[in-house]
Participant: 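One structure follows; several queries about it will come next.
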Amino acid sequence: MRAHEAGALHGEIGSRGPAWLRAPLDVNALVPGLWPRTVSRAADGALAVAGCSVRDLAAEFGTPVYVLDEEDLRTRCRDFRAAFPTEDVYYAGKAFLCRAVVRMIAEEGLHLDVCSGGELATALAAGMPPERIGFHGNNKSVAELSRALDAGVGRIIVDSSHEIDRLTGLARERSVRPRVLVRVTVGVEAHTHEFIATAHEDQKFGFSLAGGAAIAAVLRILDEDVLELRGLHSHIGSQIFDASGFEVSARRVLALQAQIRDARGVQLPELDLGGGFGIAYTTQDDPATPADLAKRLRKIVDGECAAERLAVPHLSIEPGRAIVGPAMFTLYEVGTVKSVPVGAGGDTADGHRCYVSVDGGMSDNIRTALYDASYSATVASRASGAAPVLARVVGKHCESGDIVVKDEFLPADVQPGDLVAVPGTGAYCRSMASNYNHVLRPPVVAVRDGQARLIVRRETEEDLLALDVG
């Protein structure tokens, strides 16, 4: 599915909102599974997270603001560690990274994957043990690889023959033997948006299995004997709910393991199956629990290893957004509300659409415009007795595709000054934020046990001007 070039504005025409969206019986109710675990609606009608009212958070830190439920994040880390006690669980730095979060996931026993020099610098600055870092990326520079070697990064996931050239040369210069995984493109089409599906053949990541590039890369590394080849890496995409793709991927990558054994008498000791597990953004999403995922993945790997007469390798997984995504929401303030005629046959009951404009938008959440992603929302600063109305939450940018939530039922009396909260914004929102229209990127506030602390400050106009050398 390709996103429309004008954004999600043109989706779902001809119905009264998407088929899965139903008008709520109580417009103030919070849908279980969409919100961080400590979020509730207090007696005064306002949302509270970890005992802190969103009104107080908005007053202290301003809006827009990303609000991280620290206990929720830590609990999700523990849930994955408990479900995968003998495996390595990698937190996705690209989803959201700052020094405070690095420390949290390190304290909870997780590993960390990074895919740029900046992410690596953040991890090291926060004290992440380098042996628990995996370094991804399809075009790592010499400087990035050098820093990874000097830091003692635990795994480098090699992605191209040119990268093998660079890394081999750097390793010889330093007389070191870095541990590497070979990323294999297994030709599995994940059931997700085409821009976040990463294992079909026609894309930039990894060595093709079908074309023979993967086995050639493995044999070269083994024959040159400069890099320590630990295993293979496979990643089929992101926001995945169906385990069938992992079954096909594991079968193909373990068949390659057997081919390597037969060709060189070597059984590689590790296998990273990736992950990219899905989360609930709306009521149409039904993600699996970590325990269920662990049971299904182990069954797949054990079965395929038995079929190939392989010893079960040490497994790694990369849950992706599933750890930080649900642990954060974005808090906005409403600036304008307008009813816009959409004409007969439009997707509203009366030929009008309620546009609710907030003080952020595509600069703090590009996913709706980029992926046609769906989100939920609620009025967060009060309860309402008004009837629900189908609304569209939009941003303040000069783009018609600047949409935060394409379709949601909000109370008909939503008005300027209300706070609106959008859940599920922990992953790929702050990390993909921009300064479009010279809008300042929002802060991130971590809340725990009734206390709120700033972990990423709001940008200032001075920050913008400091980069403009004139």
Participant: Which residues pass the side chain to side chain contact (heavy atoms under 4.5 Å, CB included) test with A280, not counting sequence neighbours?
Facilitator: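 Here the qualifying residues are L34, D285, P287.
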Participant: Does a salt bridge link R183 with D113, judged by any charged N lying under 4.0 Å from a carboxylate O?
Facilitator: no
Participant: Measure the spacing between CD of Q259 and CG of L219 and express it to the nearest 0.5 Å.
Facilitator: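 Going from the CD atom of Q259 to the CG atom of L219 covers 7.5 Å.
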Participant: So does E308 pair up with R261, basic N to acidic O under 4.0 Å?
Facilitator: no
Participant: Which residues pass the side-chain hydrogen bond (donor to acceptor under 3.5 Å, both in side chains) test with E459, sequence neighbours left out?
Facilitator: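 Once residues adjacent in sequence are excluded, the partners of E459 under the side-chain hydrogen bond (donor to acceptor under 3.5 Å, both in side chains) criterion are N435, R441.
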Participant: Provide the full list of ring pair (Phe, Tyr, Trp, His ring centres under 6.0 Å) pairs with a residue in residues 127-160, sequence neighbours left out, each pair given once.
Facilitator: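 Qualifying pairs: H136-H233.
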Participant: Checking side chain to side chain contact (heavy atoms under 4.5 Å, CB included) against P443, which of V65, I455, V456, T63 comes through?
Facilitator: V65
Participant: Using ring pair (Phe, Tyr, Trp, His ring centres under 6.0 Å) as the criterion, list what pairs up with F96, not counting sequence neighbours.
Facilitator: none
Participant: Within the side chain of R448, is there an N or O that forms a donor-acceptor pair under 3.5 Å with the backbone of A452?
Facilitator: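 No: the side chain of R448 does not pair with the backbone of A452.
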Participant: Does F84 have R298 sitting over its ring (NZ/CZ under 6.0 Å from centre, angle to axis within 45°)?
Facilitator: yes
Participant: Can you pull out every ring pair (Phe, Tyr, Trp, His ring centres under 6.0 Å) where at least one residue sits in residues 147-179? Sequence neighbours excluded, please.
Facilitator: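 Those involving residues 147-179 do not exist here.
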Participant: Between the side chains of D272 and Y90, does any donor sit under 3.5 Å from an acceptor?
Facilitator: no
Participant: By the definition side chain to side chain contact (heavy atoms under 4.5 Å, CB included), identify the one residue from V182, L181, T168 that meets it with V158.
Facilitator: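 Answer to the side chain to side chain contact (heavy atoms under 4.5 Å, CB included) test with V158 among V182, L181, T168: V182.
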Participant: Kindly write out the residues that satisfy side chain to side chain contact (heavy atoms under 4.5 Å, CB included) with Q451, not counting sequence neighbours, or none if the list is empty.
Facilitator: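 By the side chain to side chain contact (heavy atoms under 4.5 Å, CB included) rule, Q451 matches no residue at all.
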Participant: Under the ring pair (Phe, Tyr, Trp, His ring centres under 6.0 Å) test, which residues partner F207, sequence neighbours left out?
Facilitator: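 Per chain and number, F207 pairs via ring pair (Phe, Tyr, Trp, His ring centres under 6.0 Å) with no residue.
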Participant: Tell me if a side-chain donor or acceptor on S376 pairs with a main-chain N or O of Y281 at a distance below 3.5 Å.
Facilitator: yes
Participant: My understanding is that only residues two or more places apart in sequence, or in another chain, count here; which of them pass side-chain hydrogen bond (donor to acceptor under 3.5 Å, both in side chains) with R458?
Facilitator: none
Participant: Can you list, pair by pair, the side-chain donor-acceptor contacts under 3.5 Å of residues 97-104, counting residues two or more places apart and other chains?
Facilitator:
none

Participant: If I compare all heavy atoms of R252 with all of G187, which pair ends up nearest, and what's the gap?
Facilitator: NH1-O, 3.1 Å
Participant: Could you tell me if T378 and R41 have a donor-acceptor pair between their side chains, going purely by distance under 3.5 Å?
Facilitator: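 There is such a pair between these side chains.
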Participant: Is any NZ, NE, NH1 or NH2 atom of the basic residue among R78 and E71 found under 4.0 Å from an Asp or Glu carboxylate oxygen of the other?
Facilitator: yes
Participant: Run F61 and V67 through side chain to side chain contact (heavy atoms under 4.5 Å, CB included) and show every step you take.
Facilitator: CA-CA 10 Å; F61 300 104; V67 181; over 6 Å; no
Participant: Going by ring pair (Phe, Tyr, Trp, His ring centres under 6.0 Å), name the residues that satisfy it together with Y428, two or more places apart in sequence or in a different chain.
Facilitator: none
Participant: Work out which heavy atom in V404 is nearest to a heavy atom in G361; give both atom names and the distance.
Facilitator: CG2-CA, 3.7 Å
Participant: First locate atom CZ of F329, then atom OG1 of T425, and finally report the distance between them rounded to the nearest 0.5 Å.
Facilitator: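 Between atom CZ of F329 and atom OG1 of T425 there are 8.5 Å.
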Participant: Please give me the minimum heavy-atom distance between V39 and D69, naming the atom from each residue.
Facilitator: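 Heavy atoms of V39 and D69 come nearest at N-OD2, 4.5 Å.
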Participant: List the steps, then state whether side chain to side chain contact (heavy atoms under 4.5 Å, CB included) holds for I260 with L268.
Facilitator: CA-CA 8 Å; I260 296 163; L268 301 179; 3.8 Å; yes
Participant: Using 0.5 Å steps for rounding, measure from the CE atom of M362 to the OG1 atom of T368.
Facilitator: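 Spacing of CE (M362) from OG1 (T368) equals 9.5 Å.
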Participant: Taking the side chain as every heavy atom from C-beta outward, state whether L232 and V218 have any atom pair closer than 4.5 Å.
Facilitator: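 In short, these two side chains touch, coming nearer than 4.5 Å.
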Participant: With a 3.5 Å cut-off and no angle check, do the side chains of E399 and Y436 form a donor-acceptor pair?
Facilitator: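 Yes, Y436 and E399 have a side-chain donor paired with an acceptor closer than 3.5 Å.
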Participant: Any side chain to side chain donor-acceptor pair (under 3.5 Å) involving residues 210-227? Give me the pairs, sequence neighbours left out, ordered by first then second residue.
Facilitator: D165-R220, R177-D225, R220-E224, D223-R264
Participant: Between atom CG of L254 and atom CG of L310, what is the distance when rounded to the nearest 0.5 Å?
Facilitator: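 Interatomic distance, L254 CG to L310 CG, rounded to 0.5 Å: 6.5 Å.
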Participant: Can you establish whether the number of heavy atoms outside D286 located under 6.0 Å from its atom CG is more than 12?
Facilitator: no
Participant: Heavy atoms only: give me the nearest T38-A50 pair and the separation to one decimal.
Facilitator: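 Scanning both residues completely, I find the closest heavy atoms to be OG1-N, 2.8 Å.
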Participant: Against L331, only a single residue in V445, V420, V54, V358 fulfils side chain to side chain contact (heavy atoms under 4.5 Å, CB included); can you say which?
Facilitator: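 For L331, the side chain to side chain contact (heavy atoms under 4.5 Å, CB included) check succeeds only for V54.
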Participant: Between CD of E318 and CG of L112, what distance do you get to the nearest 0.5 Å?
Facilitator: 10.5 Å
Participant: On a heavy-atom basis, which atom in I156 and which in K140 lie closest, and how many Å separate them?
Facilitator: CG2-CE, 4.2 Å
Participant: Taking all non-hydrogen atoms of both residues, which atom of A322 and which atom of P326 are closest, and how far apart?
Facilitator: O-CD, 3.8 Å
Participant: For Q284, what residues pass the side-chain hydrogen bond (donor to acceptor under 3.5 Å, both in side chains) criterion, not counting sequence neighbours?
Facilitator: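 Checked Q284 against side-chain hydrogen bond (donor to acceptor under 3.5 Å, both in side chains); matches are W20, T282.
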